[in-house]
Protein chains: 2
Amino acid sequence: MIDGMTDTAGAARDPDTVSRFVEHFAAQLVEAGMPRMPARVFAALLASDSGTLTSAELGEQLKISPAAVSGAVRYLAQVHLVSREREPGSRRERYRVRNDQWYEALTNREAIIKRWEDALREGVVSLGPDTPAGRRLTETLAFFEFLEGELDTLMDRWRVRRDELFGPG
Amino acid sequence: MIDGMTDTAGAARDPDTVSRFVEHFAAQLVEAGMPRMPARVFAALLASDSGTLTSAELGEQLKISPAAVSGAVRYLAQVHLVSREREPGSRRERYRVRNDQWYEALTNREAIIKRWEDALREGVVSLGPDTPAGRRLTETLAFFEFLEGELDTLMDRWRVRRDELFGPG
DNA sequence: CCTTAACTTCACAAATTTCTGAAGTAAGCG
DNA sequence: CGCTTACTTCAGAAATTTGTGAAGTTAAGG
């Protein structure tokens, strides 16, 4: 046993090891389009045992200013990837990632899909429904409408699957 | 009938009207994370009757340089949203959006999902599978694996639905 | 094989985004 | 009621991204 490692059931939470995962996973999120700071904050929360961290803890762990934490958390709350909780009897705030909310958020691109649909409907009218371009937009629109319906039932199936794998919740 | 409008079956392709749709739809794509020029080029292709445009046509319509067209098209080809075709017996190239390839590409985030999964697997090992954080990552990983399988069958169902709506082939 | 057309690559200028320090605001605590 | 702590907002510096002009590359056509 190496000095300084705690002998828990799992691996020790070596800060360097944790940090490496956090940065690696954050990099994937960035590649998928998420801004850097939100990605890092989100990854840090994912990697925390409690699933919650305070602003100060995030700032220290990621070596970023309170302002950066504030901005990142606002972004994440807006897209429903984290929730903010006030610690009762304290002005300290805790940011939490819940196991389910994070994939809910992923499928909740619904607002975005809705706006795509609106733009496409406008396009069908503008270009004329009987033109080749109009027909292409009509088909694209139909696909998004189909997708919207599928996402709901997909999440239902996931919950069933999750209960199979990990037991009801 | 207004002067200058051609009396086709659909609406006339008034350049301003087309442009308004192109820019509006492109804006939605940008909001969803696509870089500006690729979004505009893609929207222009979607709105074209033939589904194909040359570099020169794109440059003129969108008022951008050949270099910008080149960069945008490279991006779009990389994510499989357009294909490039060489006009036989000419050094002119045509960029095409096919009706199906575009939603295939949307679901073909598979490469991205795969890398997320890799990062998560690494994380489970790093943090320890029996820690709360490790269990959270395990569940997240299971969700992505589930999603991967669902996407295939979802596309199958779409093709059936499309044939219902628009007829086969 | 030389000319020319069409696209690509490169270096740089411009615009945008990102992150910080500093000042501001709100809320617990004495 | 004022002090202090914790977060937020704001202005600006720094870094990144974006799009252009210009030079480079490839291939058709005489």
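Order of the sequence lines fixes the chain letters, A, B, ..., with proteins taken first and strands second; residue numbering starts at 1 for each chain.
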Inset, instruction - Select from A:Pro38 and A:Arg91 the residue whose nearest nucleotide in DNA chain C is closer to the 5' end of that strand. - result: A:Pro38
Inset, instruction - For A:Ser55, answer base if it contacts any base atom (sugar-phosphate contacts may also be present), sugar-phosphate if it contacts only those atoms, and nothing otherwise; contact means non-hydrogen atoms under 4.0 Å. - result: sugar-phosphate
Inset, instruction - Rounded to the nearest angstrom, tell me the gap between atom CZ in A:Arg36 and atom C1' in D:dA14. - result: 13 Å
Inset, instruction - Would you mind checking if A:Glu164 and A:Arg161 are paired as a salt bridge, meaning a charged N to carboxylate O distance below 4.0 Å? - result: yes
Legend entry - DNA chain D: 5'-proximal contact among A:Arg92 and A:Arg74 (nearest heavy atom): A:Arg92
Legend entry - Salt bridge present between A:Glu139 and A:Arg135 (N-O < 4.0 angstrom): no
Legend entry - Candidates D:dT20, C:dC19, D:dC10 - which lies nearest the side chain of A:Ala67: D:dC10
Inset, instruction - Mind calculating the distance between CG (B:Leu58) and C1' (C:dA6) to the nearest angstrom? - result: 14 Å
Inset, instruction - Please state whether the rings of A:Phe146 and B:Trp158 are parallel, tilted or perpendicular, taking 30° and 60° as the class boundaries. - result: tilted
Inset, instruction - Using a 4.0 Å heavy-atom cut-off across all strands, classify A:Arg84 as base, sugar-phosphate, or nothing. - result: sugar-phosphate
Legend entry - Gap between atoms CZ and C1', on B:Arg86 and C:dT8 respectively (whole Å): 11 Å
Inset, instruction - Name the closest nucleotide to the B:Tyr95 side chain, picking from D:dT8, D:dT9, C:dT8. - result: C:dT8
Legend entry - Interatomic distance where OH belongs to B:Tyr75 and P belongs to D:dT17 [whole Å]: 13 Å
Inset, instruction - Answer yes or no: is there an ion pair linking A:Glu85 with A:Arg96, defined by an N-O contact shorter than 4.0 Å? - result: yes
Legend entry - Side chain of A:Ser65 - closest among C:dT9, C:dG21, D:dT20: C:dG21
Inset, instruction - Calculate the interatomic distance between B:Glu87 atom CD and D:dA27 atom P; express it in whole Å. - result: 16 Å
Inset, instruction - Round to a whole Å and report the spacing from CG of B:Leu62 to P of D:dT18. - result: 17 Å
Legend entry - Pairwise distance CZ(B:Arg98) to CZ(A:Arg136) - rounded to 0.5 angstrom: 12.0 Å
Inset, instruction - Starting at atom NZ of B:Lys63, determine the distance to atom C1' of D:dT18, rounded to an integer number of angstrom. - result: 20 Å
Legend entry - Rounded distance in Å - CZ (A:Arg94) to C1' (D:dC7): 15 Å
Legend entry - Nearest-nucleotide comparison on DNA chain C, the residue closer to the 5′ end among A:Val69 and A:Gly89: A:Val69
